[in-house]
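For the single chain, residues carry numbers from 1 onward in sequence order.
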Amino acid sequence: MTDTGRDTAHEETVQTTAAEEEPSFYDRVGGEQTFRRLVHFFYQGVAQDELLRPMYPEEDLGPAEERFALFLMQYWGGPRTYSDRRGHPRLRMRHVPFQVDRAAHDAWLRHMRTALDRLALPAEDDRELWNYMTYAAAAMINTAG
């Protein structure tokens, strides 16, 4: 107890417990299932996109879909499977082989917006995810135009 009569040790424990009980964004939005659905919806659009599809050298988009889902799950507080399998994300470095210009950026975001809309997350969660996606998409631009 302090000289004010407050039990600060108890207050600290209550604050710590409350923080520990607050779910991660990953858990709050539905965990693995939600991120897998998001990425699947996204790649449905990419598969039909004449600008973006050639940037995926694999004939089957399945491996790219898996990598992106694992990355997003880890980023938002889920399992660290992405890093365990592939190391540090190094997103900009991994995108260097591809010409990512403003048109590719816009197409990527268009498919992501459609995918997010299909998830129908609560507005606050949607906004948080969308803000990250717009930031990440802008960071991948490596070619003028």
NZ/NE/NH1/NH2 to OD/OE distance under 4.0 Å, Arg28 and Glu128: yes
Pair Thr114-Asp117, side chain to side chain donor-acceptor pair (under 3.5 Å): steps then yes or no: CA-CA 5 Å; Thr114 299; Asp117 288 347; 5.6 Å; no
Arg36 side chain reached by Leu70 side chain, heavy atoms, under 4.5 Å: yes
Side chain to side chain, His40 and Glu65, heavy atoms closer than 4.5 Å: yes
Nearest non-hydrogen partners of Gly77 and Ser24, listed with the distance: O-OG, 4.0 Å
Atom pair CG/CD of Asn142 and Gln99 - distance to nearest 0.5 Å: 7.5 Å
Whether Phe68 and Phe71 hold their rings parallel, tilted or perpendicular, with breakpoints at 30° and 60°: parallel
Arg67: partners by side-chain hydrogen bond (donor to acceptor under 3.5 Å, both in side chains), with sequence neighbours left out: Glu58
Ile141 with Leu51, same ILVMFWY side-chain cluster at under 4.5 Å: no
Close side-chain approach of Arg102 and Thr143, heavy atoms under 4.5 Å: no
Euclidean distance, Leu121 CG relative to Thr34 OG1, rounded to 0.5 Å: 6.5 Å
Joint cluster assignment, Leu38 & Phe25, ILVMFWY side-chain distance < 4.5 Å: yes
Least distance between heavy atoms, Asp60 atom then Pro63 atom: O-CD, 3.2 Å
Working for side-chain contact (heavy atoms from CB on, under 4.5 Å), residues Tyr132 and Trp76: CA-CA 10 Å; Tyr132 170 75; Trp76 291 101; 3.5 Å; yes
Side chain to side chain, Gln74 and Ser83, heavy atoms closer than 4.5 Å: yes
Atom of Asp49, atom of Ala107 and distance for their closest heavy-atom approach: OD2-CB, 3.8 Å
Distance, nearest 0.5 Å, that separates CD of Glu124 from CG of Leu129: 11.5 Å
Min side-chain heavy-atom separation Arg118-Gln44 under 4.5 Å: yes
Stepwise side-chain contact (heavy atoms from CB on, under 4.5 Å) test for Met133 and Leu72: CA-CA 10 Å; Met133 296 300 181; Leu72 288 176; 3.7 Å; yes
Side chain to side chain contact (heavy atoms under 4.5 Å, CB included) partner of His111, chosen from Phe42, Tyr43, Phe41: Phe42
Parallel, tilted or perpendicular: rings of Phe35 and Tyr26 (30°, 60°): parallel
Gap separating the CE atom of Met112 from the CG atom of Leu116, nearest 0.5 angstrom: 6.5 Å
Non-hydrogen side-chain atoms of Met73 and Glu32 separated by less than 4.5 Å: yes
Distance (rounded to the nearest 0.5 Å) between Trp130 CH2 and Arg127 CZ: 13.5 Å
Under the side-chain hydrogen bond (donor to acceptor under 3.5 Å, both in side chains) test, residues paired with Asp106 that sit two or more places apart: none
Distance-minimising heavy-atom pair for Ala104 and Met55: CB-CE, 3.6 Å
